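Encoded as C-alpha cells, the structure appears first; notes follow it.
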Amino acid sequence: MNRQEEFVLRSIEERDIRFVRLWFTDVLGTLKSVAVAPAELEGAFAEGIGFDGSAIEGFARVYEADMLAVPDPATFQVLPWRGDSPGTARMFCDLQRPDGSPSFADPRHVLQRALSRAADLGFSFYTHPEIEFFLLQHERASDGRPVPIDDAGYFDHVPHGTGHDFRRAAITMLESMGISVEFSHHEGAPGQNEIDLRYADALSTADNIMTFRTVIKEVALTQGVFATFMPKPFAEYPGSGMHTHLSLFEGDTNAFYEAGAPYQLSRVGRQFIAGLLVHGAEIAAVTNQWVNSYKRLWGGGEAPAYLTWGHNNRSALVRVPMHKPSKGQSTRIEVRSLDAACNPYLAYAVLLGAGLKGVTEGYELPPESEDDVWSLTDAERRAMGIAPLPSSLGRALEVMERSELVADILGEHVFEFFLRNKRQEWADYRRDISRFELDRYLTRL
C-alpha cells in the first residue's frame, strides 16, 4: 500500500467517513457512482470493485461484461454537501478488465493515453477552463420556455441577487474540495454565469470539471433554482461555452513561449494551433457532441463557426491572449469552440492529439484573421481560404468517421460506440417535429 492510499484510509477514520463514492464516466461524459463502505477500500485499492460493464453505455458487450473500478487515491475529497458527520467522500476511478489491463472504454484512460504520448515527446499539457452555465427557475413559462433567474447582463452587479449568493456558495464548496477558482461573474445573457477554474494538468482539470458540474447542480438545488449546461437553451441569447486555455510545457519551460516572436508564440505554439485548425472539423463531434451544441456555434454571440485564429478576435476558433506579455510562462492559446456539456476527458484528448499532430508533422500556421469572421460574406471567406466548422451534429459525424486521427486518439471501441450513439441522436432529432415547424406551417399550409 502506498502513502496516498494510507492517507485516504487514515483520513476516512479521522473524519468519520461512512460512505465512499467511486466515480467514473461513461463514453458520453455522464457521471457514474457506486458507494462502498470504508472497510472495502483496502481491497478496492489492491484489486478494484467489480461491476457489470454491459449495463453502462459504451463500456462492454454482454459477453465481456465484467469490469473493475480501481479508485485513484490522489482524487480523494470529502463531499461537503452530504453533511459533516457521518461524512461522504469520493474518488475517481480507473477502469480495468479482469486481467488488470486498462479498459478501452474508459474515457479517463483515453486522456491518460494521450498524455502519455505527449510525455513521450517531452511535453506536459495544461488546461484552464472558463465554464458558462444558466441558472433557471424551476417553473417554466406558460409556453414551456425556460425562465432565467434574472435579467442581468455581462459583468452586471445585481444587489442581493440569487446569482451572487449562488456563486459564493458554489466557489466555497469547490475550494473546500481542493478545486481552485480564478474568476466568477455574470455572463452576457439573463441567468447566465461563468466560473473559471485555475490552470492544472489536463487530467486534474477533467476530473475537476466533472466535480464542478455536480457541485453547480447541488448548490442550485439548495438555492431553489435549476442549473443547466445545455449549450443553447435560448434562441435570442448567446449560448454557454467552455473556452479553454491550453499550453504545453517541457519540464518547467513553456513550450509555447518565444521571446520576440509575434505574440511571443513559439514555433511549437504555431504548429499546435495549425493542428487544431487542420483537424478542427474532425474533432468537432467530440468537443461539441450534442445536437444543441451546433445551435450555439452557428447562433452568433462570439461563438466560433470557422476554422480561424487571431489575437484579439473573439470570433476565431483559436485566440492568442496577451494578458501578461512580460511573463513567458503565461503564453497560451484559447480554444473557443468547446461547451461544458462535452465529455472533458475525450475533448481534451482530441485537442491535444490534433495540436500535437501539427507539431510532429510540422504544419504551417496560416495568416491570422483580423476581421470579424461573422461579418464577412461567403465569397470573402472562400477567397481568404476560411473553412467552416460543421454546421450540425450530422455533418460533424460525417467528418469524424473519416478521421484516422480521431480513431487513433479515441481507440476503436470508443470511436465506434461514439459514432453509433451520436448517429442515433441525429436520427431521433431529424424525426422530431419541432415547435418551429408547428408554429410556421400548421395553420398556413
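Since we're looking at a predicted model, the values are computed, not measured.
Between Val350 and the choices Leu405, Leu111, Ile283, the side chain to side chain contact (heavy atoms under 4.5 Å, CB included) rule is met once, by Ile283. Screening Val359, Thr360, Leu356 against Gln271 for a side chain to side chain contact (heavy atoms under 4.5 Å, CB included) leaves a single residue, Val359. Shown are Thr214, Thr211, Val20; of these, the side chain to side chain contact (heavy atoms under 4.5 Å, CB included) with Arg90 is made only by Thr211. With Ile49 as reference, Val36 is the one residue of Leu68, Val70, Val36 to meet the side chain to side chain contact (heavy atoms under 4.5 Å, CB included) rule.
Comment: Asp120 does not engage Arg117 in a salt bridge, judged by the lack of any side-chain N to carboxylate O separation of less than 4.0 angstrom. Between Arg336 and Glu334, at least one side-chain N (NZ, or NE/NH1/NH2) sits under 4.0 Å from a carboxylate O, which counts as a salt bridge. In this structure, Arg108 pairs ionically with Asp207, as a charged nitrogen and a carboxylate oxygen lie closer than 4.0 Å. Salt-bridge check for Asp428 with Arg430: failed, with every basic side-chain N at 4.0 Å or more from each acidic carboxylate O. Note on Glu364 versus Arg270: no salt bridge recorded, every NZ/NE/NH1/NH2 to OD/OE distance being 4.0 Å or above.
In this view, Phe104 satisfies the ring pair (Phe, Tyr, Trp, His ring centres under 6.0 Å) rule with no residue, not counting sequence neighbours. In this view, Phe76 satisfies the ring pair (Phe, Tyr, Trp, His ring centres under 6.0 Å) rule with no residue, not counting sequence neighbours.
For the atom pair CD (Glu398) and CZ (Arg423), the distance works out to 9.5 Å, reported to the nearest 0.5 Å. Summarising the geometry, atom CZ belonging to Phe92 is positioned 9.5 Å from atom CG belonging to Asp72; distances are rounded to the nearest 0.5 Å. To the nearest 0.5 Å, the span separating NZ on Lys32 from CG on Leu95 amounts to 12.0 Å.
Using modelled atom types, one finds no donor on one side chain facing an acceptor on the other under 3.5 Å when comparing His109 with Gln96. Side-chain N/O atoms of Ser391 and Arg395 include no donor and acceptor closer than 3.5 Å. Judged by distance alone, the side chains of Gln112 and Asp94 do bring a donor and an acceptor atom under 3.5 Å apart. Residues Thr308 and Ser369 bring no donor and acceptor atom of their side chains to less than 3.5 Å of each other. For the residue pair Ser240 / Gln192, a side-chain donor-acceptor distance below 3.5 Å is found, with atom types taken as modelled. Checked by atom type, the side-chain pair Asn2/Glu6 shows no donor-acceptor distance below 3.5 Å. Judged purely by distance below 3.5 Å, without hydrogens or angles, the side chains of Ser266 and Glu258 never pair a donor atom with an acceptor atom.
For the pair Lys295 and Trp290, the cation does not sit on the ring face, since its NZ or CZ is not both under 6.0 Å from the ring centre and inside 45° of the axis.
Residue pairs meeting the side-chain hydrogen bond (donor to acceptor under 3.5 Å, both in side chains) criterion with at least one member in residues 34-47, sequence neighbours excluded, do not occur.
For His186 and Phe166, the gap between ring centers reaches or exceeds 6.0 Å.
In the displayed structure, Lys357 atom NZ is contacted under 6.0 Å by at most 12 heavy atoms of other residues, nucleotides or ligands. Within a 6.0 Å sphere centred on OH of Tyr429, other residues, nucleotides and ligands contribute 12 heavy atoms or fewer. No more than 12 heavy-atom neighbours from other residues, nucleotides or ligands sit within 6.0 angstrom of CG on Asp252.
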Next on the checklist: Would Ile149 and Phe226 count as a side chain to side chain contact (heavy atoms under 4.5 Å, CB included) here? Give the steps.
Outcome noted: CA-CA 9 Å; Ile149 63 165; Phe226 172 71; over 6 Å; no

Next on the checklist: I'd like to know whether Tyr126 forms a ring-ring contact (aromatic ring centres under 6.0 Å, His included) with Tyr199, so could you lay out the CA-CA distance, the side-chain angles of the two residues, the decisive distance to 0.1 Å, and finally the verdict.
Outcome noted: CA-CA 7 Å; Tyr126 291 87; Tyr199 253 102; 7.0 Å; no

Next on the checklist: Please determine whether ring-ring contact (aromatic ring centres under 6.0 Å, His included) holds for the pair Phe272 and Phe256, giving the CA-CA distance in whole Å, both sets of side-chain angles, and the decisive distance to 0.1 Å.
Outcome noted: CA-CA 9 Å; Phe272 195 96; Phe256 282 0; 5.3 Å; yes

